Amino acid sequence: MTELPRAEADPVAFIRRETIIAAPPLVPEIRLHLATEITPIWQATETTLLCEGLPPPYWAFAWPGGQALARTILDDPAIVADKRVLDFAAGSGLVAIAAAKAGAQSVIAAEIDKFAASAIALNAALNGVSVPVTLEDVVGTTGPWDLVLAGDVCYERPMAERVTAWLRTLVSQDTEVLMGDPGRSYLPKSGLALVARHKVPTSLELEDRTERETTIWRLLAE
């Protein structure tokens with residue numbers, strides 16, 4: 001029998017070993033398994049999966065777009081109240097957890113990274129909520145969602161264009177879409193309605209400054 005890479009055999013152990021439990025600065029109500037530095041956990045991920053050139057472990061950090069979305073939802077629970085919510089590209093699950101805590105009818109996290117799926121389960125348990133995870137690539141599909149939440153999804157052109165086109169299709173079918181964005185290059189230039197703004201403390205290791213003004217946008221169908 002072929003031995004599985006250690007991360008696939010026990011991703012939960014990997015996450016517990018390589019992270020600490022901490023609260024994102026803008027969302028002190030929620031605790032997550034977070035990495036303190038990007039390089040060590042990135043190297044540990046590659047070593048554990050016996051593979052080089054992997055993307056960064058996005059699930060191990062609370063990115064500005066997600067923090068701003070979570071803060072907005074917790075400050076105004078009516079945004080998610082009694083709604084079926086999808087947290088797209090959920091990463092750590094921060095936004096999904098905030099939606100669950102704020103009273104969403106149901107919440108599901110979409111995340112194609114198996115590490116992230118395990119991290120979301122651990123983080124949801126830390127915060128006393130249930131957040132099912134789908135590993136399916138949901139882009140291009142439709143689902144029983146009233147609201148889709150998407151944080152920090154416009155940092156690369158191909159992904160931003162593909163995702164935005166899909167999200168606009170959902171909007172045209174009466175699904176509400178909120179995006180949290182800290183000024184990424186490939187955010188759409190039009191078809192957005194301002195919802196809220198937050199100043200999010202950031203690390204120079206992850207961003208080019210110690211604070212990012214992050215905006216919550218409602219996506220329009222155009």
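Owing to the predicted nature of the structure, the values given are computational and were not obtained by experimental measurement.
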* Glu176 with Lys83: basic N within carboxylate O range, under 4.0 Å ->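 A salt bridge is present here (some side-chain N lies under 4.0 Å from a carboxylate O).
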* Asked: So does Arg16 pair up with Asp10, basic N to acidic O under 4.0 Å?
  ->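 Asp10 and Arg16: not salt-bridged.
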* To do: Mind listing the closest non-hydrogen atom pair of Ala117 and Val133 along with its distance?
  =>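 What the structure gives for the nearest pair is CB-CG1, 3.8 Å.
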Is there a donor-acceptor pair under 3.5 Å between the side chain of [X] and the backbone N or O of [Y]?
| X | Y | result |
| --- | --- | --- |
| Glu213 | Lys199 | no |
| Thr72 | Ala68 | yes |
| Glu111 | Ala116 | no |
| Asp113 | Pro57 | no |
| Glu156 | Pro158 | no |
| Arg212 | Pro182 | yes |
| Glu211 | Val200 | no |
| Thr164 | Glu161 | no |
| Gln105 | Asp82 | yes |

* Rest of the hydrophobic cluster containing Leu220 (Ile/Leu/Val/Met/Phe/Trp/Tyr, side-chain heavy atoms under 4.5 Å)? ->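 Its cluster mates, by chain and number: none.
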* To do: In sequence, state the C-alpha distance, the side-chain angles, and the governing distance for Thr19 and Trp59, and then conclude on side-chain contact (heavy atoms from CB on, under 4.5 Å).
  => CA-CA 11 Å; Thr19 64; Trp59 55 267; 4.0 Å; yes
* Got a sec, which residues hit salt bridge (charged side-chain N to carboxylate O under 4.0 Å, His left out) with Asp76, two or more places apart in sequence or on another chain? ->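 Listed in chain order: nothing, the list is empty.
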* **Validation row, ring centre Phe88 to ring centre Trp166 under 6.0 Å** =>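 Yes, they do, as the ring centres are separated by less than 6.0 Å.
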* Distance flag, aromatic centroids of Phe115 and Phe14, threshold under 6.0 Å ->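 Ring centres of Phe115 and Phe14 closer than 6.0 Å.
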Once you round to the nearest 0.5 Å, how far does [atom1] of [X] lie from [atom2] of [Y]?
| X | Y | atom1 | atom2 | answer |
| --- | --- | --- | --- | --- |
| Arg84 | Ile108 | CZ | CD1 | 12.0 Å |
| Asp181 | Trp217 | CG | CH2 | 9.0 Å |
| Ile97 | Asn127 | CD1 | CG | 5.0 Å |

* Would you sort out whether Asp75 and His198 count as a side-chain contact (heavy atoms from CB on, under 4.5 Å), showing the intermediate values? => CA-CA 12 Å; Asp75 287 346; His198 298 279; 4.3 Å; yes
